[in-house]
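Order of the sequence lines fixes the chain letters, A, B, ..., with proteins taken first and strands second; residue numbering starts at 1 for each chain. All of these numbers come straight from a predicted model, not from anything done at the bench.
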Number of protein chains: 2
Amino acid sequence: MAVIKYSRQREAIKEYLSQTKEHPTADTIYMNIRESYPNISLGTVYRNLNLLVEMGEVLRINGMDGSDRYDGHTQQHYHFLCNKCHKILDLEMESIDHINDTANKDFPGKVEGHVTYFYGKCNECK
Amino acid sequence: MAVIKYSRQREAIKEYLSQTKEHPTADTIYMNIRESYPNISLGTVYRNLNLLVEMGEVLRINGMDGSDRYDGHTQQHYHFLCNKCHKILDLEMESIDHINDTANKDFPGKVEGHVTYFYGKCNECK
DNA sequence: ACTGTATATAATAATAACTACTATTATTTT
DNA sequence: AAAATAATAGTAGTTATTATTATATACAGT
């Protein structure tokens, strides 16, 4: 699998993810793509999501309910999880990448990055 | 299940987690407890881990390889996940709680806390 | 200590999320 | 257009975790 060939299924997944502001699971994506490609396979969705994540065109967020979620907006941003309604929202805030340096200070290995999400109450729930 | 009754299996799990500095999976815990309780059931391990997490006596860390890991040391500290060997290590570093304020700045809801882990290569893998 | 009742257990079956396999189809190369 | 190669649909298999159930254990009331 050296050369990556075009596929309309993959294009549809990319398109769907770039249009939604939700952070859907693989299964939700599958259900949605099925409306335009009724016999797309769930395996195809997973394989392409992995490809897209690897190519850096999609972000994988591992939700705390066991299933991964995907985000087509790849500019650096942070997520907020509402403790009450369990919604995932985007946070607009300045970068906190300096915490990598803080972590690296006395660590024998090499810290390359971090994953952070914030939690609390969203506007409607507070 | 209103009243929680004593069980030596749960005590053994708690004991094991407070003694190890690893961040074992449920299966690793199962294997270890089996040495003293040869016919403990994996289901018992899972049920008690969930109980202990709920009671706040154990932390659950969701590792990036699909399986959750557990930590018997509940004081605040940060974790490092090795991208290569998938080990989870403790990081000794100064607090980064100020990032909550950064996140709160332009957010209409209320940020109450954050979850952060760092990743990269550990000392042996780098 | 004895009994009754509720909780915990071991063993096993079931589920959920994801990955692997294979024959066929679509895309790209020549 | 034919050959080469990668992607797909459909299905089977894995892995981590949860549910079920009959039996065992803990503990409160006597």
What is the minimum heavy-atom distance between B:Leu91 and B:His79, and which atoms define it? CD1-O, 4.1 Å

Which nucleotide, D:dC27, D:dA7, C:dT7, lies nearest any side-chain atom of A:Arg47? D:dA7

Is it the case that D:dT25 (base atoms only) and B:Lys5 (side chain only) share a donor and an acceptor within less than 3.5 Å, ignoring hydrogens and angles? no

For A:Asn50 and A:Arg60: C-alpha separation, side-chain torsions, deciding distance, then whether side-chain hydrogen bond (donor to acceptor under 3.5 Å, both in side chains) applies. CA-CA 9 Å; A:Asn50 286 335; A:Arg60 196 199 317 271; 3.2 Å; yes

For B:Asn123, the side chain to side chain donor-acceptor pair (under 3.5 Å) test, sequence neighbours excluded, returns none

Decide if the gap between the ring center of A:His23 and the ring center of A:His73 is smaller than 6.0 angstrom. no

Think A:Gln9 has a side-chain N or O under 4.0 angstrom from the OP1 or OP2 of D:dA9? yes

Centroid-to-centroid, B:Tyr117 to B:Phe80, below 6.0 Å? no

In terms of hydrophobic clusters joined by side-chain contacts under 4.5 Å, are A:Ile29 and A:Leu59 together? no

Round to the nearest Å and state the distance from B:Glu54 atom CD to D:dT18 atom C1'. 14 Å

From CD1 of B:Ile4 over to C1' of D:dC27, roughly how many Å is that when rounded to an integer? 15 Å

Does B:Arg10 have a side-chain nitrogen or oxygen under 4.0 Å from the phosphate oxygens OP1 or OP2 of C:dA8? yes

Sugar-phosphate atoms are those with a prime plus P, OP1 and OP2; base atoms are the rest. Using that split, label each nucleotide of nucleotides 16-23 of chain C B, S or - for protein heavy atoms under 4.0 Å, 5' to 3'. -SBB----

May I have the distance from B:Asn39 (atom CG) to C:dT12 (atom P), rounded to whole angstrom? 12 Å

Flag for B:Glu35-B:Tyr37: side-chain donor and acceptor within less than 3.5 Å: no

Separation of D:dT18 C1' from B:Leu49 CG (nearest whole Å): 13 Å

Whole-Å gap separating P (D:dA16) and OH (B:Tyr30): 14 Å

What is the distance, to the nearest angstrom, from the CG atom on A:Leu52 to the P atom on D:dA7? 12 Å

d(CD1, A:Ile33; C1', D:dA9) in whole Å: 16 Å

Atom OH of A:Tyr6 and atom C1' of D:dT8 are separated, to the nearest Å, by 14 Å

